Amino acid sequence: MSRTAFPHADSGVARIAARFAANAAAGRKAVAPFVTAGDPDTATTADVLAAIDRAGATLIELGVPYSDPIADGAVIQASYVRALAQGMSLDRLFAMVKDVTGRITTPVLAMVSYSIIYRRGIDRFVTESLAAGLAGFVVPDLPIEESDDLAAACEAAGLALVRLVTPTTPPERAEQIARRSTGFLYCVSVAGVTGARTSLPDGLVERVAWLRTKASVPILVGFGISTPEQARAVAAVADGVIVGSALVRRLAEAAPPQRADSASPPGQVVAAIEQHVQDLVKAVETSAK
Amino acid sequence: MVATGSEATIKNVGDTADAFRPRGYGFSMATVAPASAPLSAVPDALGRFGRFGGRYVPETLSAALDQLEQAYDEAMADPSFHAELDSLLAAFVGRPTPLLFARRLTALAGGAQIYFKREDLSHTGAHKINNTLGQGLLALRMGKRRIIAETGAGQHGVATATACARFGLDCVVYMGSEDVRRQAPNVRNMRFMGAEVRPVETGSRTLRDAINEAMRDWMGSVETTHYIIGSVVGPHPFPRIVRDFQSVIGRETVEQCRRQLGRLPDTVVACVGGGSNAAGMFYPFVDHADVRLVGVEAGGRSGQPGDHAASLSYGSPGILHGSLSYVLQNDDGQTADVHSVSAGLDYPGVGPEHSYWRDAGRVSYTSVTDAAALDAFDTVARQEGILPALETSHALAWTVEEAARRPADEIIVICLSGRGDKDAAEIARLRGLSADGQQATS
């Protein structure tokens, strides 16, 4: 594969770092919304990414649909099923991302199962991601022990490989993970699958504070965060929040255009997501002051 | 008799001195590989069987898998663990299970002699109990009082419910709703023993989806719950643990062949879905290069994608449910739909050690169609007075055909992995018979 010498100013890692630097300068915290690629269809996803960009998100996590996602709760799993039923494929995903990343400034990271990366082949997957304008990956089923090959390919391509720490991660292991994470460190708030929850877990504040002493990259907290109030509380201690299932649930309301019983047309849903992300951005702005 | 003089030096081979203890249910540990490592000297510290295996799971599960590995290593080094498991295998399961000459089936085939390793005589009617008792004891050692499991045919679910009842543990079993329908007697029996059966409505509503749901449960319950996985699949250390607990089948078979037949068999056969009965049967034989090993997968309706569940015959390397192995998936890495008449073989993946054996050329894998398996069920029922499980019937179909091609002085041993009572109603339905087995009048 052909790789440019990295890091340079346009690399995924550099673009992500620039977003956090801009946040710091403006006294803002990060909002990183998650949506599934191809739910309810590819064109709507492109519109949603543009809407999230307009709403002032720091980063975007784009879920690559997978048939057997064991880290995801019912909402995101159902969204993957819908996307695959609509014919979402890697080729279509990369084509859509390439089109959208040419028009927006918010860096887009792929949330993707290692099953998919492995099948495509690491080098090919990284090359195609780079060409599509992705800034990095979150690979929720790739623990550090298995990650050397992908980490090397990402480093050579200047793409971020975001690692996850969870409440069950022992401290020594968390330190190793924090050291190896690039782009940012994903702090999973609860032991469990993705999905909105009504309250924030005990000990989260302390855990983030401890991680901050170990990580050289920003720390974003995800899993279970849905409302602006929760986002504000988390952003008071972390560098920002990741919000997924709450937005994906809205997408579930936008049935495919050909369906007469669709609860809301895609246009309305895109607007609702833009508003939701704006509210989150506003909430964490306040919390940084 | 086959010479046994060199075996004392090979510590990690299944049929070492352990197999010749009066009640040889214990394990030898695969810790130190000899200079030229035998095929049995796997997995390595990262759970690799050659290139296969490993641990591809969310970080949330990493600590629990480390804890399990440590608990398992400690248990293996603890004579009291072996004593307790051996005593349960003898008095609760009824081991050793017999090795039976299938006289009329052999005569029918007209060639090699066919022997049944009678796992169907195990308590709960299949080999699955060997693993659930072992893992149940591990859960007790880890102080985990809640057990979750997945099940396809329901045999592993029943075996898990049984172990939990015996040990006083809470039990939740995930089962695809399609399998709940196909295997109603097992669902009822799980509930009789106090287990909660949760039907899974996602995806294909079969074994693969049940594993997904069990994993999701475990993501949120891992600190208090042990996941008793039912086959030699999943992230490290599960493939190793399940293989080791099931290897009692092969160790007994080696000993019985030597004692009853005066030699090892020419061919050993087992059905392969996830592959636990096959792994347990084959593992003590893999270093005996002159014993041919054959795994029989579910050929379904045809070799077309979606019509079968034969991962080793038609699949390619990929990652499913936490390990790298042969998988049926599309070019994008999405898991393919699979089909088998047998709920226990209806799975798009296979244990990583089977992939290792396949690529090493040590085990041959083939497949048998739904129709041939159903015919073998009928044949064995009438010739031998045994209703075999539909899973096992796949291996039986291949065995009868193969025996006909081999000379009469050859010996084929088949792992008769389970009894077919659970399948009787479904077979009657597929055959168009009434509930009492009569030809329905149209």
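Being a predicted model, the structure only gives us computed values, none of them experimental. What's counted below: heavy atoms across the whole structure, side chains too, no hydrogens, waters or symmetry copies.
- With values rounded to the nearest 0.5 angstrom, B/R55 atom CZ is found 13.0 Å from A/L142 atom CG.
- Interface residue B/L324: only side-chain heavy atoms are found under 4.5 Å from chain A.
- Between B/A63 and A/T168 the shortest heavy-atom distance is CB-O, 3.2 Å.
- Interface remark: of the candidates A/P170, A/P69, A/S147, A/P69 forms the most heavy-atom pairs closer than 4.5 Å to chain B.
- Atom-to-atom distance recorded for A/R163:CZ and B/E59:CD is 10.5 Å, nearest 0.5 angstrom.
- Of the atoms belonging to B/Q329, heavy atoms from both backbone and side chain fall under 4.5 Å from chain A.
- Atom CE of B/M219 sits about 7.0 Å away from atom CD1 of A/I70, to the nearest 0.5 Å.
- Between chain B and the residues A/V81, A/V188, A/L164, A/L84, the largest count of heavy-atom pairs under 4.5 Å involves A/L84.
- Heavy atoms closer than 4.5 Å to chain B are found in both the backbone and the side chain of A/P143.
- Atoms CD1 and OG, on A/I177 and B/S62 in that order, are 7.0 Å from each other to the nearest 0.5 Å.
- Under the 4.0 Å criterion applied to side-chain N and carboxylate O atoms, A/R119 and B/D332 are not assigned as salt-bridge partners.
- Taking A/D91, A/V64, A/V190, A/T169 one by one and counting their heavy-atom pairs under 4.5 Å with chain B, the maximum is reached by A/T169.
- Atom CG of B/D209 is separated from atom OG of A/S67 by 9.5 Å, given to the nearest 0.5 angstrom.
- Close approach to chain B, defined as a heavy atom under 4.5 Å from one of its heavy atoms, is seen in A/D72, A/Q77 of residues 72-79 of chain A, taken by number.
- Looking at A/Y66, both its backbone and its side chain come within 4.5 Å of chain B, counting heavy atoms on both sides.
- Every residue meeting the side chain to side chain donor-acceptor pair (under 3.5 Å) condition with B/S313, not counting sequence neighbours, appears here in chain and number order: B/E297.
- Note that CE of B/M215 and CG of A/D141 are 10.5 Å apart. Values are rounded to the nearest 0.5 Å.
- Neither the backbone nor the side chain of A/I117 comes within contact range of chain B, judged by heavy atoms closer than 4.5 Å.
- Between the side chain of B/Q334 and the main chain of A/P65, a donor-acceptor pair closer than 3.5 Å is present.
- Of the two parts of A/I144, neither the backbone nor the side chain holds a non-hydrogen atom closer than 4.5 Å to a non-hydrogen atom of chain B.
- Within a 6.0 Å sphere centred on CG of B/D331, other residues, nucleotides and ligands contribute 12 heavy atoms or fewer.
- At a 4.5 Å heavy-atom cutoff, the contact between A/V193 and chain B is made by backbone and side-chain atoms alike.
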